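Note that the coordinates shown come from a computational prediction; the quantities given were computed from them, not determined experimentally.
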Amino acid sequence: MLFSKNDFTKREKRLFLIIGVLYLLFFMARMISNIYFLTDSYEYFEVAKAIRDFTYFESSNHPELFTRRPFLYPLFLSFFVNFSPIFIVVIQTVLGLFNTFILFKIIKQYQIQINNSLLIFFLLTPSIFIYSQLIMSEWLVMLFLTILFWLLLQKWTKNNFAYIQIITVLLAFTKPIFYPFIYVNLIFFLVYMIKNKVFSFWLFLPIICLQLYLNYNKNVTGYKHFSSIENANLIGYNLYYFKSSTQSKEKAELWLNSVFNDKKYVGKSFKEQNIYLKQIATNEIKKNFFQYSFYHFYTAIRGIVDPGRFDLMTFFEKETGRQGFLEVLNSNKSIWSIFKNKYFFIYIFLLPIFLANCIKWFYFLRYLFFNKSTFKVYYFIILFGYYILVSGPVNCSRYMMPFQGVLMVFAVLGMQFKFNNRNQKI
């Protein structure tokens, strides 16, 4: 059980304490910087205020904002909108430390000792601390994913499965990227139930919640969708970066301006605008299907080893949305532009972080290929792969942060497990 009698050794307790000190040090650095908000943070806060004021269901007046950010993280924020951001960050830091506790419990369930390798991975994965101490939802997604992985390791019970399905719903209503996975969830666990001759009506909870929410958004806005971020990001980031990379920044800018200045978009209703954007995106992808598909796949994989220059910069300057290293990688800025930044010294830290990312992935793949896991654990691996591939050109350290905890667990397992027993599993 998760909250059973603590079975950590003194050394493991000491490692946990050191990680707690790391959280504290990053918190102190965050207080010194006094930067708690990114661009997305303000949108979360606007939705939080609407929830607090009981005007959230009047979202038909601002459908782009209120469907852009799912309600779960704003619901959390709604209890603290009148508090200092420091207070919110303290709560998030405590929950981040709780997330670490679950990761320790997961490793212990595999019956191996927790050693310094996990501590080093934590130290060289600063995004975990950084996004736990910003007004952003990544820390909450990470907590849900860690609990989900823990639940998938447990023996099948209907109650346990109910928790898995609830967390699947919570993930979607925290980050829109997870909502299409609900369809995969239905197919996966239907196969699981047929294979194991079990059944639970909880199987249908995520798909029912999804359909109800899609229909609600259609009734409110006239356009059936989960989040307004879908079409806007597809045009403003994915295809924009694609055109910057394959053509030029200037041509990409001209194309982007032509899309949003077109008479079919300007002054139109939310429904008309999204139908138009969806059509533009579909046509562009169809015209460049193979080239775009390769670009989407390549950039998605590239993002898994991103060391996170953008993350470290949150201590020094406010985000504009276009100053990250992705701008260079997607040919939107010259590589020489990064040398002009007065905070160039942070690049000293990026090399060891990059190497640590490569090592984590090496041992993750080593464990995956040489050890047989349970069918349910493959559910998480499929979710992981889905998340990476769907992220596409915007995949980066920030997007990978929610999975870093479980990735480190797999890396530790890959280092310590004996690989002469291919049937060993949990």
Side-chain angles (χ1 to χ4, degrees), residues 40 43-44 47-48 50-52 54-60 62-79 137-152 154 156-194 198-231 233 270-271 274 278 376 379-380 382-384 386-387 390-391 402-403:
D40 295 354
E43 295 181 352
Y44 284 124
V47 179
I51 294 174
R52 179 202 59 183
F54 299 101
T55 61
Y56 179 79
F57 292 103
E58 299 173 14
S59 58
S60 56
H62 304 283
E64 185 174 355
L65 171 64
F66 284 90
T67 68
R68 185 179 179 86
R69 302 297 172 188
F71 65 84
L72 198 60
Y73 183 56
L75 177 61
F76 165 81
L77 290 177
S78 67
F79 294 99
S137 63
E138 276 73 15
W139 68 271
L140 184 57
V141 177
M142 184 179 186
L143 180 60
F144 287 149
L145 288 171
T146 304
I147 296 173
L148 176 63
F149 189 73
W150 164 264
L151 291 169
L152 290 167
Q154 311 310 308
W156 166 272
T157 67
K158 289 187 177 181
N159 285 341
N160 190 61
F161 179 63
Y163 297 142
I164 291 172
Q165 296 298 81
I166 290 170
I167 288 181
T168 300
V169 173
L170 295 179
L171 283 169
F173 285 96
T174 306
K175 282 285 188 184
I177 193 173
F178 289 102
Y179 93 82
F181 193 78
I182 286 176
Y183 299 106
V184 180
N185 170 279
L186 178 67
I187 296 171
F188 183 94
F189 281 111
L190 183 60
V191 172
Y192 177 86
M193 289 177 180
I194 293 173
V198 294
F199 182 73
S200 171
F201 282 105
W202 286 99
L203 173 68
F204 304 107
L205 175 70
I207 200 74
I208 291 172
C209 291
L210 173 60
Q211 294 306 316
L212 288 174
Y213 189 70
L214 291 175
N215 289 329
Y216 169 77
N217 280 346
K218 182 179 181 181
N219 291 334
V220 171
T221 69
Y223 179 71
K224 191 173 183 178
H225 69 294
F226 188 86
S227 168
S228 63
I229 205 171
E230 300 166 37
N231 292 326
N233 274 19
F270 178 81
K271 175 183 177 181
N274 275 275
K278 186 71 172 179
K376 285 192 297 177
Y379 172 82
F380 193 93
I382 293 170
L383 173 60
F384 201 173
Y386 156 87
Y387 181 87
V390 172
S391 296
F403 282 91

**Asked** P206 and N185: which non-hydrogen atoms are nearest, and at how many Å?
**Response** CG-OD1, 3.9 Å
**Message:** So T221 and K271, do their side chains get closer than 4.5 Å, heavy atoms only?
**Reply:** no
**Prompt:** How about W139 and F144: are their ring centres within less than 6.0 Å of each other?
**Reply:** no
**Request:** Heavy atoms only: give me the nearest E64-S228 pair and the separation to one decimal.
**Result:** O-OG, 2.6 Å
**Asked** Any sub-3.5 Å donor-acceptor pair from S78's side-chain atoms to A48's backbone N or O?
**Response** no
**Asked** Distance from F79 atom CZ to L77 atom CG, nearest 0.5 Å?
**Response** 10.5 Å
**Message:** Run K376 and N160 through side-chain contact (heavy atoms from CB on, under 4.5 Å) and show every step you take.
**Reply:** CA-CA 12 Å; K376 285 192 297 177; N160 190 61; 4.1 Å; yes
**Interatomic distance, K175 atom NZ to L171 atom CG [nearest 0.5 angstrom]** = 11.5 Å
**Message:** Tell me every residue that passes side chain to side chain contact (heavy atoms under 4.5 Å, CB included) with N215, counting only those two or more places apart in sequence or in another chain.
**Reply:** K224
**Residue pairs involving residues 204-220 (criterion salt bridge (Lys or Arg N to Asp or Glu O under 4.0 Å); sequence neighbours excluded)** = none
**Request:** Please assess F270 against H225 for the test ring-ring contact (aromatic ring centres under 6.0 Å, His included), listing each intermediate value before the final yes or no.
**Result:** CA-CA 11 Å; F270 178 81; H225 69 294; 5.1 Å; yes
**Message:** Please identify which of these residues, Y386, Y183, Y379, F181, meets the ring pair (Phe, Tyr, Trp, His ring centres under 6.0 Å) condition with F188.
**Reply:** Y379
**Item:** Heavy-atom neighbours of F199 CZ exceed 12 at 6.0 Å
**Value:** yes
**Asked** Measuring from I208:CD1 to I182:CD1, what's the distance to the nearest 0.5 Å?
**Response** 11.0 Å
**Prompt:** How long is the span from the CG atom in L210 to the CG atom in L186, to the nearest 0.5 Å?
**Reply:** 10.5 Å
**E138 side chain vs P402 backbone, donor-acceptor pair below 3.5 Å** = no
**Item:** Backbone of L140 reached by a side-chain donor or acceptor of S137 within 3.5 Å
**Value:** no
**Request:** Decide whether N231 and Y223 meet the rule of one side-chain donor and one side-chain acceptor closer than 3.5 Å.
**Result:** yes
**Prompt:** L383 versus F178: any side-chain heavy-atom pair under 4.5 Å?
**Reply:** yes
**Message:** Using only atom types and a distance under 3.5 Å, with no angle test, would you say the side chain of T174 pairs donor to acceptor with the backbone of L72?
**Reply:** no
**Request:** Please lay out, stage by stage, how V47 and R68 fare under the test side-chain contact (heavy atoms from CB on, under 4.5 Å).
**Result:** CA-CA 10 Å; V47 179; R68 185 179 179 86; over 6 Å; no
**CA sep, side-chain torsions, deciding dist, call: F189, F161, side-chain contact (heavy atoms from CB on, under 4.5 Å)** = CA-CA 10 Å; F189 281 111; F161 179 63; 3.5 Å; yes
**Complete:** The reported gap from CD1 in I167 to OH in Y163 (rounded to nearest 0.5 angstrom) is 10.0 Å
**Request:** Verify, without hydrogens or angle tests, whether Q165 (side chain) and L205 (backbone) share a donor-acceptor contact under 3.5 angstrom.
**Result:** no
**Request:** Can you spot which of F173, F226, F57 makes a ring pair (Phe, Tyr, Trp, His ring centres under 6.0 Å) with F71?
**Result:** F173
**Asked** Under 30°, 30 to 60°, or over 60°: which ring-plane class applies to F384 and F403, parallel, tilted or perpendicular?
**Response** parallel
**Request:** Find the distance between CG (L151) and OG1 (T168) and round it off to the nearest 0.5 Å.
**Result:** 9.5 Å
**E230 side chain to N274 side chain, donor-acceptor N/O pair below 3.5 angstrom** = no
**Request:** Give the ring-plane orientation class for Y56 versus F66, where under 30° counts as parallel, over 60° as perpendicular and anything between as tilted.
**Result:** perpendicular
**Request:** Examine distances only and state if a side-chain atom of S227 and a backbone atom of T67 form a donor-acceptor pair shorter than 3.5 Å.
**Result:** yes
**Request:** Assign the ring pair Y73 / Y44 to parallel, tilted or perpendicular, where the plane angle (0 to 90°) is split at 30° and 60°.
**Result:** perpendicular
